[in-house]
Amino acid sequence: MESVEKTTNRSEQKCRKFLKSLIRKQPQDLLLVIGTGVSAAVAPGIRALCSWRSCIEAVIEAAEQLEVLHPGDVAEFRRKRTGDTKPNFFQDCLMEVFDSLEQHIQNPVVLQSILSLMDRGTMVLTTNYDNLLEIFGQQQSKPMESLDLKDKTKVLQWARGHIKYGVLHIHGLYTDPCGMVLDPSGYKDVTQDAEVMEVLQNLYRTKSFLFVGCGETLRDQIFQALFLYSVPNKVDLEHYMVVLKENEDHFFKHQADMLLHGIKVVSYGDCFELFPGYVQDLATQICKQRSPDAERVDSTTLLGNACQDCAKRKLEENGIEVTKKVRQSDTDDAGGS
């Protein structure tokens, strides 16, 4: 029976339709926000990658095993989850939790899909501490680069589109604990830097954000400070969020709530196993989009293969300027009559 259900789910997944407004986006017009769902799908064997809470619990357990944190501090940290200062045990604990990540990549299809979008100009931002995407990209000979918000120069370069294979970790990266942030106070320097904030917020104004594998990113105070509550006229924007639909009522309420922020919520299905295939199919659909430059090349070919009147009408429908060759031909014809 279980096998039949899985087959049915796969069949339903193949028939699932995608929002036309999303799959018709040019890859370079998208900014992909990846959350713990991506890491959980790629390396299911590492419990700490499943969610923010799982990560914190794993870090605390490592701290207890390594005896680098007083039992009283463990209880306090577990209760508060965040603190005014970054615990000095974090580096060793994270190294313990995320040891040998490359050996735990079991399902790389999601990472391959993300890379295919990056190849075509999609920018990537993540709330994850891990660098699974960068590890996988380097294995595919891509010049991947991990960035965090403490490096202003790199952040500005990335935001202006100059680091094609850069991944911005807004919470920091486990390999560089000095850049990690556990609470909003850690972003005070960034949020008070007018140049950085303007460049980051401009992305939210000009790119369509696509949230993938994100559970509570919109509730994240850091994301809110950098993007969500800093940009006016959000309802006029067009962003997207791909989520699991476990409960229908909850899903449609969430969908309505997110529309208030200009975010269209779509479901990849009712079980997490469908997530990798959905992301792969979605990326394939988006990557099929032809760039405006490609359309111009096609229009030039069209002029040579079809009657010029038909070609002109086709070009005008697409909003493409008629070539000089056609204009010159029309002028000659007028002179002959």
Side-chain angles (χ1 to χ4, degrees), residues 5-42 107-127 133 203-204 206-218 227 234-295 298 318:
E5 289 177 354
K6 286 184 177 179
T7 302
T8 302
N9 279 334
R10 282 196 292 269
S11 176
E12 290 174 353
Q13 179 66 5
K14 290 180 181 178
C15 298
R16 182 173 295 279
K17 294 183 180 295
F18 300 96
L19 289 180
K20 291 291 191 294
S21 61
L22 172 55
I23 62 174
R24 288 177 178 170
K25 297 287 183 187
Q26 294 292 331
Q28 64 268 26
D29 294 332
L30 294 173
L31 191 150
L32 196 61
V33 181
I34 60 177
T36 54
V38 170
S39 298
V42 172
N107 305 312
V109 63
V110 176
L111 299 180
Q112 185 60 64
S113 300
I114 294 172
L115 279 181
S116 68
L117 289 168
M118 295 182 80
D119 287 338
R120 292 161 178 81
T122 299
M123 300 176 71
V124 175
L125 174 155
T126 182
T127 56
L133 176 59
L203 289 173
Y204 204 70
T206 59
K207 299 279 186 182
S208 285
F209 278 44
L210 174 57
F211 298 87
V212 177
C214 298
E216 301 181 357
T217 299
L218 271 295
F227 301 103
K234 291 176 289 295
V235 178
D236 296 331
L237 302 172
E238 192 170 51
H239 304 304
Y240 303 88
M241 178 177 285
V242 176
V243 302
L244 171 70
K245 186 174 73 173
E246 290 182 292
N247 177 280
E248 195 167 74
D249 291 338
H250 179 270
F251 170 76
F252 285 110
K253 182 182 184 305
H254 183 52
Q255 194 176 61
D257 290 343
M258 289 300 98
L259 276 177
L260 297 176
H261 298 295
I263 299 171
K264 297 178 179 179
V265 174
V266 294
S267 165
Y268 61 79
D270 58 6
C271 64
F272 187 61
E273 286 73 23
L274 296 174
F275 176 69
Y278 182 92
V279 173
Q280 183 181 39
D281 292 343
L282 177 61
T284 299
Q285 291 290 328
I286 295 172
C287 289
K288 283 181 180 178
Q289 295 306 306
R290 302 179 68 80
S291 69
D293 289 340
E295 290 178 0
D298 286 348
N318 293 334

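FYI, the numbering just counts along the sequence from 1.
Counting all heavy atoms, side chain and backbone alike, Val33 lies closest to Cys214 at O-SG, 3.3 Å. Taking both residues in full, the closest heavy atoms of Val265 and Gln255 are given as O-NE2, 2.8 Å, listed atom of the first, atom of the second, then distance. Contact record, Ala41 with Pro276: CB-CG, 4.3 Å, taken as the closest heavy-atom pair. Of all heavy-atom pairs spanning Glu238 and Ser208, the tightest one is O-OG, 2.8 Å. Across all their heavy atoms, Ile286 and Leu117 have their closest contact at CG2-CD2, 3.8 Å. In this structure, Lys25 and Tyr240 approach most closely via the heavy-atom pair CE-OH, 3.6 Å.
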### Task
May I have the step-by-step check of side chain to side chain contact (heavy atoms under 4.5 Å, CB included) for Leu282 and Phe18, ending in yes or no?
CA-CA 7 Å; Leu282 177 61; Phe18 300 96; 3.7 Å; yes
Mind running side chain to side chain contact (heavy atoms under 4.5 Å, CB included) on Met123 and Leu30 for me, showing each step along the way?
-> CA-CA 7 Å; Met123 300 176 71; Leu30 294 173; over 6 Å; no
Review point. How far apart are the C-alpha atoms of Phe251 and Val243, what are their side-chain angles, what is the distance that settles it, and do they pass the side chain to side chain contact (heavy atoms under 4.5 Å, CB included) test?
Key: CA-CA 9 Å; Phe251 170 76; Val243 302; 3.7 Å; yes
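Here the CG-CG distance, from Leu125 to Leu32, works out to 9.0 Å after rounding to the nearest 0.5 Å. Distance check: Arg120 CZ to Gln26 CD gives 11.0 Å after rounding to the nearest 0.5 Å. If you take NZ on Lys245 and CG on Asn247, they are separated by 10.0 Å, rounding to the nearest 0.5 Å. Distance CG/Asp281 to OH/Tyr268: 14.5 Å, rounded to 0.5 Å. In this structure, Gln289 CD and Ile23 CD1 are separated by 6.5 Å, a value rounded to the nearest 0.5 Å. The distance from atom CZ of Arg24 to atom CG of Asp29, rounded to the nearest 0.5 Å, is 15.0 Å.
Lys264 places no side-chain N or O within 3.5 Å of a backbone atom of Met258 that could act as its donor or acceptor partner.
Counting heavy atoms from C-beta outward, Leu133 and Met118 have side chains that approach closer than 4.5 Å. Using a 4.5 Å heavy-atom threshold, the side chains of Tyr278 and Val266 count as touching. In this structure, Ile114 and Val38 have side chains that are in contact, with non-hydrogen atoms separated by less than 4.5 Å.
Using a 30° and 60° split on the angle between ring planes, Phe209 and Phe211 fall in the tilted class, from 30° to 60°.
No option in Val242, Thr122, Ile34 other than Val242 meets the side-chain contact (heavy atoms from CB on, under 4.5 Å) test with Leu210.
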